[in-house]
Protein chains: 2
Amino acid sequence: MNKAKLLLGPGPSNANQRVLDAMSAPLIGHLDPEFLEVMAAIKEMLQRTFQTRNHLTFAVSAPGSAGMETCLVNLLDPGDEALICVHGVFGNRMSDIVERCGAKLIRVDAPWGEPVDPLQVKDALEKCNPKLVAIVHAETSTGVLQPLEEISKMVHEAGSLLVVDAVTSFCGTTLKIDDWGIDAVYSGSQKCLSAPPGLSPVSFSERAVEVVHNRKSKVQSWFLDLSLVSNYWQGAKRAYHHTAPVSSMFALKEALTLVVEEGLENRYARHWQAHELLKSGMESLGFELLVKQGFRLPMLNAIKLPDHIDDAAVRKQLLDDYGIEIGAGLGDFAGKVWRIGLMGENARPESVDRLLTAIKEIS
Amino acid sequence: MNKAKLLLGPGPSNANQRVLDAMSAPLIGHLDPEFLEVMAAIKEMLQRTFQTRNHLTFAVSAPGSAGMETCLVNLLDPGDEALICVHGVFGNRMSDIVERCGAKLIRVDAPWGEPVDPLQVKDALEKCNPKLVAIVHAETSTGVLQPLEEISKMVHEAGSLLVVDAVTSFCGTTLKIDDWGIDAVYSGSQKCLSAPPGLSPVSFSERAVEVVHNRKSKVQSWFLDLSLVSNYWQGAKRAYHHTAPVSSMFALKEALTLVVEEGLENRYARHWQAHELLKSGMESLGFELLVKQGFRLPMLNAIKLPDHIDDAAVRKQLLDDYGIEIGAGLGDFAGKVWRIGLMGENARPESVDRLLTAIKEIS
């Protein structure tokens, strides 16, 4: 049994003991009425935390990347156009999946570390007619918080669906699926929700469900096919599709219960307070944040690495000597930034203090 | 916290307390060297339990159906021929996935409740040139144990790959990946391995890996693409692909440790002993087994339902009053058979006694 480490990377974050305890409850069957109640509770709490009335709201039985794939493979038929906004690793990943769907990829690229400018989307929409526009709300690779409301209006005026990656933002900063007109959203269990990794909460608007119903071809993935999965998650029949990860769902239910008990606004505020503490602490140690003011994520802080810091060595020392994990740079930012996560259970002054003290001692 | 039920359905089976305790250990990062050691231990124990030296042996971060899809989407290019043996629900599911791959499906059908006759496969192989032949070793929907060695020879003589569904047989009855010439195999964590559901152990022969390397097109699933996943599971780089379900992997490691401690032969024998006890007990109560002698699975017993038994009512009473879950019939067998699982932790005389006593009292 390992001693608890403080997980301040890009996820997983630490889970509350209540979540770990719930997960280790004795197993029950995936069609047991008792488990169907767990699923119903998860759905209801996901609707509350996503701030949506979407009927098709559930957790994909696989990590966030499978949630991403669920959204794209169900909404795209071969030959469809998809406009993907790319400003980091996860926009790239969406582009890759779009091509694997046999859809026509149109990209809008912004420099890494900056948000996508709504005007770029507007220009692109004048030149194509995409079935969907997809964008990352919280780019975990860069620490950018992407404003969505203006883009959402443009997307709907163009008659397209809006798909949003909320893997890192969900339960950590404001995310309003219905008010913002998001048609498909996916997240992960292991970030600001602080459940163990392995599940991907998703939600689909009625418009998106309609598109899925009117597909010309079968969804290329049997496992992720919403027309099959939804028969297990909703309706009277509860048809067997796959064997649900029962223990992980126990954990997800308890993690959502903690969010609901705390209240979304309180939880968001706690993430922003921890972020402010980290920001001023790191700045006083001579570090700079990568992302400009106004577009910074509270739960994922990209910190520029000064030349005198040996990236890998310091991260190793933090992990080995202090039991603190922080994240390395990804893609273009490998070796150039640290990614410091203050997610869910870890978005607290104690986490920030422990990290700042350690960095002070090391550097 | 729910009181432990006795899970004698088609899975999940009950997990050992050691497995539940391991799962609830504090989380660590999915790139933490400590977690990479967990992955290495899982790989090594999967090689032992699959009885293979296959380098590409790991656990897919999703349930058995995703393991099935992993095997098929990686090995098939659009236009390839695939010969699928169907004698129950899971052969049908493979056929469905083959079509979603854009491959040409050729089916060999056997009556539900019977194994596929090697001669059927021989005949079919004379009329086509499939890239792979896929077959279910343990049909969980019918309780049939499919002999594989003779079919394996034919498949390789025809120059095809052999893909095997071992979801229910793995760790419960003899399964020799290398000796039997199986090129791709997938299983599930929640059956005879008695870990919680959510992971799918898989293994690929060098021949299969070669086929994946020589694909003409990208794998249609990003999440299941072996060329990407394998960079996380093996090699020095351990490249980030998706966030692994850390807690579920802790559980899988402990469940595999229990199998290795017990020894495969002992574990197989324990499953057969429990099966014999159940068989004679049920027969003495007037029930008949669906599958003929010699082709019965030890861990999944399909029992014919006499007319006077009210299927759903008795199963509900077993669950509500006795805390025992058994499985309903699937597909063609809905309402006609019970599926009694004696898997992993539950393949013990105590489980059989508890069930027989309850059925005696109810009927």
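So you know, we letter chains A, B, ... as the sequences are listed, proteins then strands, and number each from 1.
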Which atoms of [X] come close to chain B, meaning under 4.5 Å heavy atom to heavy atom: side chain ones, backbone ones, both, or neither?
X	value
A:V219	both
A:L228	side chain
A:L199	neither
A:Q220	both
A:F35	neither
A:A244	backbone

Contacting moiety of B:S61, where chain A heavy atoms sit under 4.5 Å: both

Which atoms of B:S217 are under 4.5 Å from chain A, going by heavy atoms: the side chain, the backbone, both sets, or neither? neither

From CG (B:D32) to CD (A:E325), nearest 0.5 Å: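 These two atoms lie 6.0 Å from each other.
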
Examine distances only and state if a side-chain atom of B:E69 and a backbone atom of A:W222 form a donor-acceptor pair shorter than 3.5 Å. yes

Do A:R100 side-chain atoms and B:K218 backbone N/O form a donor-acceptor pair below 3.5 Å? no

Look at [options] and state which one has the largest set of heavy-atom pairs under 4.5 Å with chain B.
options	value
A:G198, A:S248, A:A66	A:A66
A:V19, A:N14, A:L319	A:L319
A:R93, A:H242, A:H241	A:R93
A:A15, A:P63, A:G11, A:A62	A:P63

Specify the closest pair of heavy atoms between A:L27 and B:S13, including all atoms of both residues, with the distance to one decimal. CD1-O, 3.5 Å

Answer whether the closest heavy-atom distance between the side chains of A:H30 and B:Q190 falls below 4.5 Å.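 When only atoms from C-beta onward are counted, B:Q190 and A:H30 do not touch, as no gap falls below 4.5 Å.
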
side-chain contact (heavy atoms from CB on, under 4.5 Å) partner of B:T243, the single match among A:P12, A:S189, A:S65: A:P12

